[in-house]
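Quick notes on the structure that follows.
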Amino acid sequence: MKAFIERAKQNNYKLEFVNKKCLNNNLKEDLSSKLNLYAITDSSWVTATNSLNSQVSKAIEYGVTMIQYREKKKSYVQKKKEARELLEICRQKNVLFIIDDDVLLAKEIDADGVHLGQKDMSPKKAREILGNHKIIGVTAKTVEQALEAQLNGADYLGVGAAFKTDTKKDTYIIEHSQIKKIASTVEIPVVAIGGINKNNGMNLIGTNVCGLAVVKEIFSAENIKEAVEELKNITKQLNRKTKTALTIAGSDSSGGAGIQADLKTFNANKVYGMSAITAITAQNTKGVFKIENVSKELLDSQLESIFTDIYPDAIKIGMIAREDLVKVTYEKLTKYEAKNIVIDPVMVATSGANLTDNKTIKSAQNLLYPLATVLTPNIPEAEILSNLKIKNEKDMEKAAKIITQKYKCATLIKGGHCINSANDFLYEKNGNSNWIKGRKINNSNTHGTGCTLSSAIASNLAKGCELKEAIILAKKYIEKAIGANLDLGLGSGPMAHFVSE
Ligand SMILES: Nc1ncnc2c1ncn2[C@@H]1O[C@H](COP(=O)(O)OP(=O)(O)O)[C@@H](O)[C@H]1O
Ligand SMILES: Cc1ncc(COP(=O)(O)O)c(N)n1
Ligand SMILES: [Mg+2]
């Protein structure tokens, strides 16, 4: 509520809205929470035994938090009758009732507000008609439209289509990154709309929307209770506070690299960690002795289990040592529209052992790298990926640019293999580049440095950092972890992952 009042203070009419709602309706939550699960009516599935009134009543009973009456075909008189009945139901249950398009209808029946498309009446005009205490929602597809709507007094935005939809014919899908951009730019709450169902709703995690606007999944459902409850659970996940990260990588029996390093790093960086194991290795600080890959079915099932439940806010990908495992990973990342993907193109362990083969590397290059937010090769890996011998910092700069242009993802070439420095070079898709400086620490606790750095970057992305900031923070973390001089084992030892701010 506080944030909402703060926002409202910027505009007198919004303050009036808050006051009125607070005083008259004892509204305890702000508009964002009212928008959590926003059901938009569609009478296509109304039958003699299943009226719109009863569908709406049920939807509210099982957890819908706001209703919009949307009827494109009926006459004004018919709409007025139907809307009045629904308004009565909503008033009894203390649920906000909004009218689609028709400002005059909203005014006449004293609904709680109106939702306007880009082609409908302007929000300014609607405000003049409805007064300061009503809610005005606007549909937006671009940041410009969103900012304009906000400026003109919109209280919330509906942004989409998030997925393929046949409910609205004159719309098109916009990228989730675009939804995120809009939701992160405006001050007012944003709901996602368009083709949202129980199977794809989780894909919207991380887009910063506060809720889901749903038509078909609710009103066409044979069992409205089940449909609403499933969607409700998704909206809870959308608004969760704990950030989550997933590592798709190999297990390191000595605990310094791979899955184990990644989970420890997630923990130290205060994000909830999950893992999909691609291989089990027998290794220690002296070398890698045995590798067994998991079956593609087992990787598939791990990923399916994760994405359909605790959807990850960020993903780190490490060792994948067989082509079919690359394919399965690609399928899941695209199916679930994974975001914030950090790929450590693990080819050779610090100890010198090969961790994958050429066919698999090629397949990862084709399928996975283009999905990455950032790719983090060390110098030997960058040489392979860029086809350039790297002898100095200038070469690192050249190679990073080549790799970014080749795979269409940002590249961070790690300088851990340089003798005197530990500076990494970042080249981004937009051509921006930066040296991320590090202090070279002269000890042998560098087993799993690459794994740890990439997981720390993923943790920071999960928490909402921009890429460069995520890397700078990750470098600070790894410096501490190496510098703690853990000195375990007989070879190149692990880091102290448990160090944190
Ligand atoms: N001795 C060191 N002192 C400080 N930072 C290091 C050291 N060795 C590696 N790093 C850092 O750890 C990260 C991992 O780099 P690197 O060791 O090059 O990768 P990999 O482990 O994949 O071979 C990089 O940010 C690098 O700069
Ligand atoms: C299972 C597994 N994955 C990755 C690495 C690479 O380690 P580093 O971080 O030192 O490059 C490793 N040694 N073992
Ligand atoms: Mg490495």
Contact check, side chains of [X] and [Y], non-hydrogen atoms, under 4.5 Å:
X	Y	answer
L412	I457	yes
Y272	M274	yes
K79	L105	yes
T41	Q68	no
L371	T334	yes
V271	K463	yes

Give a yes or no on this: more than 12 heavy atoms of other residues, nucleotides or ligands lie within 6.0 Å of atom [atom1] of [X].
X	atom1	answer
K406	NZ	yes
E229	CD	yes
K232	NZ	yes
K119	NZ	no

TODO: Run the numbers on R240 and D313 for side-chain contact (heavy atoms from CB on, under 4.5 Å), then give the verdict.
DONE: CA-CA 11 Å; R240 68 195 183 187; D313 292 307; 3.3 Å; yes

Task: Result of checking I472, T376, L453 against D424 for side-chain contact (heavy atoms from CB on, under 4.5 Å) - done: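 Result: among I472, T376, L453, L453 is the only option passing the side-chain contact (heavy atoms from CB on, under 4.5 Å) with D424.
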
Check: [X]/[Y] side-chain N/O donor and acceptor closer than 3.5 Å:
X	Y	answer
D309	S305	no
T247	S275	no
E397	Y427	no
S184	N208	yes

- [ ] Please collect all ring-ring contact (aromatic ring centres under 6.0 Å, His included) contacts where either partner lies in residues 99-131, sequence neighbours excluded, each pair once.
- [x]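 Residue pairs passing ring-ring contact (aromatic ring centres under 6.0 Å, His included), neighbours aside: H115-Y156.
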
Open item on the list: Less than 6.0 angstrom separating the ring centers of W435 and F425, yes or no?
Closed with: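 Ring-ring flag for W435/F425: true, centres closer than 6.0 Å.
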
Open item on the list: Among E71, R70, Q55, exactly one meets side-chain hydrogen bond (donor to acceptor under 3.5 Å, both in side chains) together with S43. Which residue is that?
Closed with: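 Checked E71, R70, Q55 against S43; only one passes side-chain hydrogen bond (donor to acceptor under 3.5 Å, both in side chains): E71.
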
- [ ] Answer yes or no for K335 and Y330: cation-pi contact, defined as NZ/CZ to six-membered ring centre under 6.0 Å and angle to ring axis within 45°.
- [x]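 Judged by the rule (NZ or CZ under 6.0 Å from the ring centre, within 45° of its axis), K335 is not positioned above Y330.
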
- [ ] Kindly determine whether Q145 and V138 satisfy side-chain contact (heavy atoms from CB on, under 4.5 Å), including the steps that lead there.
- [x] CA-CA 9 Å; Q145 287 177 354; V138 174; over 6 Å; no

Task: Value rounded to 0.5 Å, distance of CD1 in I40 from CD1 in I98 - done: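 Rounded to the nearest 0.5 Å, the CD1-CD1 separation comes to 10.5 Å.
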
- [ ] Could you pull out all residues at least two apart from K429 that satisfy salt bridge (charged side-chain N to carboxylate O under 4.0 Å, His left out)?
- [x]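 So K429 forms no salt bridge (charged side-chain N to carboxylate O under 4.0 Å, His left out) with any residue.
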
